[in-house]
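Throughout, protein chains are lettered first and strands after them, A, B, ... in sequence-line order, and every chain is numbered starting at 1. Not measured: the values here are computed from a predicted model. Computed from heavy atoms alone, side chains included, the values below leave out hydrogens, waters and symmetry copies.
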Protein chains: 2
Amino acid sequence: MSMHSFYENAPKHLVAVDCIIFGFEDGKLKLLIIKRKVDPMAGAWSLVGGFVQDEESTDEAAARVLKQTTGMENIYMDQLHTYGEVNRDTGSRVIAVTYYALIRIKEHDRLLANEHGAHWLSLHQIPELIFDHNLMLQEAMKRLREKVRFHPVGFELLPEKFTLPQLRNLYEEIYQRELDKRNFRKKILAMNILEKLEEKDKTSSKKGAHLYRFDKQKYELLMETGFGFTM
Amino acid sequence: MSMHSFYENAPKHLVAVDCIIFGFEDGKLKLLIIKRKVDPMAGAWSLVGGFVQDEESTDEAAARVLKQTTGMENIYMDQLHTYGEVNRDTGSRVIAVTYYALIRIKEHDRLLANEHGAHWLSLHQIPELIFDHNLMLQEAMKRLREKVRFHPVGFELLPEKFTLPQLRNLYEEIYQRELDKRNFRKKILAMNILEKLEEKDKTSSKKGAHLYRFDKQKYELLMETGFGFTM
DNA sequence: ACAAAAGTGTTAAGTATACACCCATGA
DNA sequence: TCATGGGTGTATACTTAACACTTTTGT
């Protein structure tokens with residue numbers, strides 16, 4: 001008892017999702033890329049991707065692909081752009097919908113990632129990727145910068161407790177430039193979404209830096225309305 | 001001698017492009033929508049769309065669809081978002097890639113548009129549209145507002161020569177609020193992309209308003225770099 | 001005691017906003 | 001002459017950007 005389909009004459013296409021998976025570790029913004037296992041271009045570096053199945057939405061496909069390589073669910077993802085050039089994939093015509101994901105590297109399943117030939121590489125280490133994947137990455141970086149300007153999604157990349165120098169470091173990686181220490185603290189704290197904790201993190205200095213946690217309530221409120229955040 | 005396809009096991013999907021076609025006429029921002037001719041939902045209001053063919057990119061499909069209903073080519077278009085829910089189209093599973101276009105209503109082929117059952121309706125007159133098309137429109141408006149904030153694409157909607165009150169009126173329609181006359185002139189002229197002409201347009205006042213033309217050179221330069229433009 | 005990172009305020013410049021009157025002209 | 005829309009300038013509040021020294025503590 002399958003559903004009747006209108007539109008009988010229209011051609012069908014392979015549709016893939018490709019995920020630009022960002023993480024933050026050792027003070028560096030990193031990207032999860034894999035050694036491709038299928039032909040053509042088997043063995044080459046690639047973004048994490050997969051084909052959209054009949055019973056899933058493109059959003060669901062992206063979440064599935066992310067889960068398959070990292071084991072993680074309920075991750076912050078945004079759709080970016082659809083690449084529809086006829087010959088962009090040398091294997092066949094494939095229309096690719098890209099998504100980016102922000103994950104906490106510490107929390108992902110390293111074994112699972114290894115099984116899939118996945119590697120975390122910092123932005124400057126990214127090799128040549130297959131097809132138009134380097135372009136996808138470049139456009140994803142641009143969109144990520146625009147995003148964090150109005151939405152405090154940076155927290156998705158940090159552990160629950162983090163220091164202000166860490167947070168600033170993250171923004172510096174995203175913007176690829178230095179940010180003034182004092183002005184940064186001012187702006188971030190003025191947003192009033194951070195909760196200062198008593199604990200200090202002494203891993204990176206003798207004095208130690210205060211740990212902060214962000215306030216989910218206020219955070220979600222801001223996520224809805226957006227907020228101005230200019231570096 | 002057809003090309004060998006890898007990826008034999010992956011499912012294929014219908015992929016459509018849907019265009020949010022903006023125009024500006026009689027001081028109103030308008031949208032080109034059509035009476036749908038195919039089932040399901042034949043006779044209902046719909047965005048202008050069509051299926052992506054084998055030999056064309058999604059961008060090309062959008063341009064083709066636009067040309068089919070307006071006769072216009074080389075029109076400013078931007079991809080917006082891809083709607084990939086399994087049941088979004090009641091006729092069959094269709095993945096829809098949306099684009100918006102900015103056109104000069106005066107220059108389009110009215111006869112051709114009529115043949116396709118196309119109508120220009122101002123934003124407040126937009127009826128219920130099929131499927132998720134109202135949502136698409138809503139998101140397109142949001143993106144258009146973001147776009148004009150940094151890119152002077154508003155000119156795409158106006159005739160070659162236009163007055164500052166006309167231009168302000170357009171921005172007011174896009175933002176759906178009043179803009180201060182003096183501040184608007186200051187900002188627009190400060191961008192230094194307008195050329196003041198000697199002629200005046202007296203169609204809307206006895207005094208007449210100066211006509212301006214925008215300077216393609218400076219305009220294109222700004223289009224590349226983007227520019228700050230806050231209302 | 002010193003090295004190394006954390007933390008803290010002020011000033012100047014630029015940008016956004018609010019606001020009211022005169023001008024040119026056709027009817 | 002008067003009604004209509006076009007055109008003009010300034011003052012204030014706000015936001016951003018630049019900048020240097022003191023604090024803490026482990027070695």
Considering every strand and a 4.0 Å limit on heavy-atom distances, what is the contact class for Lys181(B): base, sugar-phosphate, or nothing?
base

With a 4.0 Å cut-off on N to O distance, would you call Glu139(B) and Arg143(B) a salt bridge?
no

If you go through the side-chain atoms of Arg182(B), does one of them form a donor-acceptor pair with the base of dA20(C) closer than 3.5 Å?
yes

Given dG7(D), dG26(D), dA17(D), which nucleotide is nearest the side-chain atoms of Lys206(A)?
dG26(D)

Parallel, tilted or perpendicular: rings of Trp120(B) and His108(B) (30°, 60°)
perpendicular

Hey, do the aromatic rings of Trp45(B) and His119(B) have their centres closer than 6.0 Å?
yes

Does Arg185(A) make a side-chain donor-acceptor contact with the base of dA6(C), cut-off 3.5 Å?
no

How long is the line joining NZ of Lys187(B) and C1' of dG7(D), in whole Å?
18 Å

May I have the distance from Tyr212(B) (atom OH) to dG6(D) (atom C1'), rounded to whole angstrom?
10 Å

What class does the angle between the rings of Phe22(B) and Tyr100(B) fall in, given that below 30° is parallel, 30 to 60° is tilted and above 60° is perpendicular?
perpendicular

Select from Lys207(B) and Lys186(A) the residue whose nearest nucleotide in DNA chain D is closer to the 5' end of that strand.
Lys207(B)

Does dG6(D) have OP1 or OP2 sitting under 4.0 Å from an N or O in the side chain of His210(B)?
no

